[in-house]
Amino acid sequence: MKSRILSLKSLSNEHKNQLLDIFDNVVDLEPLKKVLLSPRVSLRNNHVIITSQNAIPFLKKNYDSQLVSCYCVGINTSSLLQENGYNVVVTHHNAKELAHHICAHYHNTKFDYLTSPHRRNELPDTLTDNKISYNEIYVYDTIMVKKSFSCTFDVVLCYSPRGVYAFAKANSTNTSTAICIGETTATAARNFFKTVIVAEEPSVAHVIKTVLKTYKND
């Protein structure tokens with residue numbers, strides 16, 4: 001039995017109990033503090049790109065769900081948008097895939113892109129290179145919470161590149177395996193962890209399934 005596992009996201013009781021079947025100790029934390037922004041910009045378009053759930057509060061406050069079409073990253077983000085009455089046109093696993101889909105199928109469409117100052121470059125760079133018209137709006141920010149631990153963890157569950165950086169700046173990663181929600185997060189984790197495993201689907205549930213599949217019979 002592995003001794004310690006850390007999740008860089010708060011877990012439900014159900015997921016914690018699943019992990020406690022394998023690990024002696026399960027710890028979770030939020031390494032990023034979300035800050036909602038109130039940009040003073042004009043909202044130009046009814047086609048909206050969403051790459052994080054953190055943008056949804058701004059969307060709900062400023063965009064009529066009956067008039068908006070959403071193009072998003074992540075199954076959980078897509079589900080939350082639909083629960084709030086928004087039409088989700090397309091969902092992809094990561095921003096790079098979404099950008100290529102938009103360039104291939106919506107070349108003449110104009111978009112609002114709701115994001116943060118720390119967003120990665122793949123999506124906006126691809127849209128710009130392909131002359132896609134978009135209005136980039138910073139609607140949230142994230143602040144790193146650098147919590148250090150006196151112990152080491154056998155496994156660290158990672159859900160975003162900035163979450164990886166926040167943990168790695170305050171803790172040793174030499175003896176840990178990282179299990180990541182997607183390839184973008186895994187790319188960051190490979191800078192710090194010797195062993196990196198990527199979940200089959202980009203969701204918390206699939207991260208947990210990957211842990212169970214990897215360590216159930218250890």
Side-chain angles (χ1 to χ4, degrees), residues 8-10 30-143 158-164 180-185 187-188 199 201-207:
L8 300 180
K9 179 185 282 291
S10 297
E30 293 286 349
L32 302 175
K33 180 181 179 182
K34 179 178 69 175
V35 178
L36 299 179
L37 305 178
S38 299
R40 295 183 179 180
V41 296
S42 59
L43 311 177
R44 304 173 187 172
N45 307 297
N46 288 329
H47 296 273
V48 182
I49 298 171
I50 303 284
T51 56
S52 169
Q53 294 182 40
N54 291 334
I56 294 179
F58 182 87
L59 180 79
K60 291 169 60 178
K61 185 176 180 180
N62 293 280
Y63 292 81
D64 187 335
S65 63
Q66 301 304 309
L67 301 176
V68 169
S69 295
C70 296
Y71 305 73
C72 76
V73 171
I75 298 170
N76 293 338
T77 300
S78 177
S79 298
L80 188 56
L81 286 167
Q82 292 172 340
E83 289 171 10
N84 282 279
Y86 288 92
N87 173 42
V88 177
V89 177
V90 62
T91 303
H92 277 280
H93 290 337
N94 58 59
K96 184 177 181 179
E97 290 179 1
L98 177 61
H100 285 300
H101 184 100
I102 288 173
C103 293
H105 300 283
Y106 301 97
H107 199 274
N108 295 319
T109 303
K110 296 181 179 180
F111 297 89
D112 279 353
Y113 173 28
L114 307 185
T115 186
S116 85
H118 298 289
R119 58 100 175 111
R120 293 175 64 84
N121 294 327
E122 290 94 340
L123 187 144
D125 284 356
T126 300
L127 298 184
T128 299
D129 289 346
N130 287 273
K131 296 180 172 57
I132 303 296
S133 178
Y134 68 96
N135 178 32
E136 185 171 10
I137 307 170
Y138 296 151
V139 302
Y140 69 93
D141 200 357
T142 53
I143 300 172
C158 305
Y159 308 91
S160 72
R162 276 179 60 76
V164 170
C180 299
I181 197 167
E183 184 57 39
T184 302
T185 301
T187 298
E201 297 287 340
S203 69
V204 176
H206 277 87
V207 170

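Quick caveat: nothing in here was measured; it's all calculated off a predicted structure. Along the sequence shown, residues are numbered consecutively beginning with 1.
- Contact check for Leu127 versus Ile49: side-chain heavy atoms found under the 4.5 Å cut-off.
- The backbone N or O of Ala55 sits nowhere less than 3.5 Å from a side-chain atom of Ser52 that would complete a donor-acceptor pair.
- With rounding to the nearest 0.5 angstrom, the CG atom of Leu37 is 11.5 Å from the CG atom of Leu114.
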Name each donor-acceptor pair under 3.5 Å that joins a side chain in residues 100-109 to protein atoms two or more places apart or in another chain, with its distance.
unit_1	atom_1	unit_2	atom_2	d
His101	ND1	His92	NE2	3.2
His107	NE2	Asn130	O	2.8

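- Of the inter-residue distances, the one linking Thr51 atom OG1 with Arg120 atom CZ reads 11.5 Å to the nearest 0.5 angstrom.
- Two residues are said to be in side-chain contact when any heavy atoms from C-beta on lie closer than 4.5 Å; Tyr134 and Thr128 meet this criterion.
- Sorted by first then second residue, the salt bridge (Lys or Arg N to Asp or Glu O under 4.0 Å) pairs that include residues 34-52, not counting sequence neighbours, number zero.
- For Tyr86 (side chain) and Leu59 (main-chain N/O), a donor-acceptor pair under 3.5 Å exists by modelled atom type.
- When atom types are taken as modelled, the side chain of Arg162 and the backbone of His118 share no donor-acceptor pair closer than 3.5 angstrom.
- Under the rule for a side chain to side chain donor-acceptor pair (under 3.5 Å), the partners of Ser78 that lie at least two apart in sequence or sit in another chain are Thr91.
- Electrostatic pairing of Arg119 and Glu136 counts as a salt bridge here, judged by a charged N lying under 4.0 Å from a carboxylate O.
- One distance of note links OH of Tyr113 with CG of Asn45; it measures 15.0 Å at 0.5 Å rounding.
- Taken to the nearest 0.5 Å, the CG atom of Asp141 stands 11.5 Å off from the NZ atom of Lys33.
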Under 3.5 Å, which donor-acceptor pairs do the side chains of residues 65-73 form with other protein atoms, sequence neighbours left out?
unit_1	atom_1	unit_2	atom_2	d
Tyr71	OH	His47	ND1	2.8

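- For Asp125, there are no side chain to side chain donor-acceptor pair (under 3.5 Å) partners, not counting sequence neighbours.
- In this structure, Leu32 CG and Tyr159 OH are separated by 12.5 Å, a value rounded to the nearest 0.5 Å.
- With sequence neighbours excluded, no residue forms a side chain to side chain donor-acceptor pair (under 3.5 Å) with Ser116.
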